[in-house]
Structure formats: structure tokens, C-alpha cells
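Read the numbers this way: they start at 1 and go in the same order the structure lists the ligands and their atoms. Hydrogens, waters and symmetry mates are skipped; everything else that's a heavy atom, side chains included, is used. Numbers for residues simply follow the sequence, beginning at 1.
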Amino acid sequence: MDIISDDVLIVIDVQNDFCPGGALAVAGGDEVIPVIHRVAERFEHIVLTQDWHTPDHFSFASAHAGKKQFEQAELSYGMQTLWPDHCVQGTAGAGFHSDLNLTRAELIVRKGFHRTIDSYSAFFENDHATATGLGGYLKERGFGRVFLAGLAYDFCVGYSALDARRLGFEAVVLKDACRAIDLNGSAQAMEEEFVRAGVQVVDAGELAE
Ligand code: VGL
Ligand code: ZN
């Protein structure tokens, strides 16, 4: 697979709270970093995302009396998984992992900053209606195909890939540059959605040298 100049690499949420020792640690989360560094060399254009919640965010179990972490709650837009408090704006946990070195990145998109709406996708919040602006940005810059890497495969990477397709971009997930949370079969469910939506899944090594 050759990378061309209207391709963009989107690196999703490689933040301390999703890495070992973090508040919502994904198993092996930090292992994506060397893989991402290697593929990043192939790309002329790189965008980063950063999960960026208010302290009392509605996606936190702590914001719902009587609810436990990883349970579901009914919010205004539908069912929402309740997470441990994570990626609170300005905290160390919300910072990018210190090994991540993508100085060339052209844009950092923050998401999940509306207190009452979560945002897994880099394009639309979990109401599937509120746009982050990334779709317009990528279209205005003439990008046609997005490659996705980072955390977590079955949540923020996955929903970003599905929304990219919905907006008419080609979407390629770099599977070995991601790690999954895998909550109640979420990784397999997401892969079924990838097939339905026409999201390609490849390993980083399949990109041409
Ligand atoms: C994520 C759960 C909550 C992710 C973010 O980056 O995949 N997952 N917030
Ligand atoms: Zn979050």
C-alpha cells in the first residue's frame, strides 16, 4: 500500500491515562508508540487527537450516583458506557505520553470537552450530530484517505474510522499500531462494523517502504 500526499495519519489519544499506570489504562497501550513512530515516517501529514474532559464529565461513573465504572447509563443521546475519571483537561493524565514524538503533527483535535456529551470519534461526538470540525478541516485541505492508529482500537480509533467513512473518506486502520479495551466483546463488534462500513484493516508493515 503506497502512501500519497492526500493521505493523512490520525494518531488517536496516545495519552498517559490510556497507557499502563493511567486512569483508564489499555493493556499494552504504550506499545503502540514505536509502531506509530515507524509508520509516521511514511506520512507527509499527521494529525493528533486528545481526549479532553471536564472534571465532572457525564462519561465518568463518578458523575452518576449509584453507578459503577464500566456500567451503562442512559444519557440524552442514548446509552453511554461509564468510565473511570480520565483525561481531565490540564491534568498529567490528559497529556500525551512522554515517549510520543510527533513534532511534525499539523493539528491537535481535542474532543469530549462538552460536559454532557462524550466523544469517542474524532469527527462527531457520541450524539452522532455534534461535529468536532475535523471533517471540514480534512476536506478543506483536500485529504481523501485517513490512516488511523492509537488508542483504543475498539472505541476512539474505531468510531473515528466509521465516521471517516460516513463523511466519504477512505479509512485504513493500522491494527498493530492500536490496542483495544475489549469490553464485552467490543473489539470483535467493532471489526464487524469495519466490514460493514468498508474500513480497511492492515498492519503497519503492509505500508510500502
Ligand atoms: C476512549 C473511552 C473513553 C478512547 C476515550 O480513547 O478510546 N475510550 N474515552
Ligand atoms: Zn474519554
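- The distance from the CG atom of D99 to the CG atom of D30 is 7.5 Å, given to the nearest 0.5 Å.
- We find the CD-OG1 distance between E71 and T81 to be 10.5 Å, quoted to the nearest 0.5 Å.
- Shown are the protein N/O/S atoms under 2.8 Å from the Zn ion (ligand 2), given by residue and atom: D51 OD2, H53 NE2, H86 NE2.
- Between F169 and F143, the ring centre distance reaches or exceeds 6.0 Å.
- From the protein, the heavy atom lying nearest to atom 6 (O) of ligand 1 is D13 OD2, 2.7 Å.
- Using a distance-only test at 3.5 Å, with no hydrogens or angles considered, a donor-acceptor pair links the side chain of H53 to the main chain of G112.
- A donor-acceptor pair under 3.5 Å is formed between the side chain of D176 and the backbone N or O of A204.
- For ligand 1, the polar-atom distance check against L151 finds a nitrogen or oxygen pair separated by under 3.5 Å.
- With rounding to the nearest 0.5 Å, the separation of CG in D7 from CZ in R42 is 13.0 Å.
- Counting the atoms of ligand 1 from 1 in the order shown, those under 4.0 Å from a heavy atom of A152 are 4 (C), 6 (O), 7 (O).
- Looking at T81 against ligand 1, nothing comes within 4.0 Å, counting heavy atoms.
- Between atom SG of residue C87 and atom CZ of residue F60 there is a gap of 7.5 Å, rounded to the nearest 0.5 Å.
- Classification of the W83-H86 ring pair by plane angle, with boundaries at 30° and 60°, yields perpendicular.
- The protein heavy atom nearest to atom 2 (C) of ligand 1 is W83 CE2, 3.4 Å.
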Hey, mind stepping through R165 and E170 against salt bridge (charged side-chain N to carboxylate O under 4.0 Å, His left out) and telling me if it holds? CA-CA 6 Å; R165 294 293 300 139; E170 286 184 64; over 6 Å; no
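- Residue contact annotation: H86 has a non-hydrogen atom under 4.0 Å from ligand 1.
- Here's the thing with Y120: none of its N/O atoms is less than 3.5 angstrom from an N/O atom of ligand 1.
- Near C156, meaning under 4.0 Å from one of its heavy atoms, ligand 1 places the atoms 1 (C), 4 (C), 5 (C), 6 (O), 7 (O).
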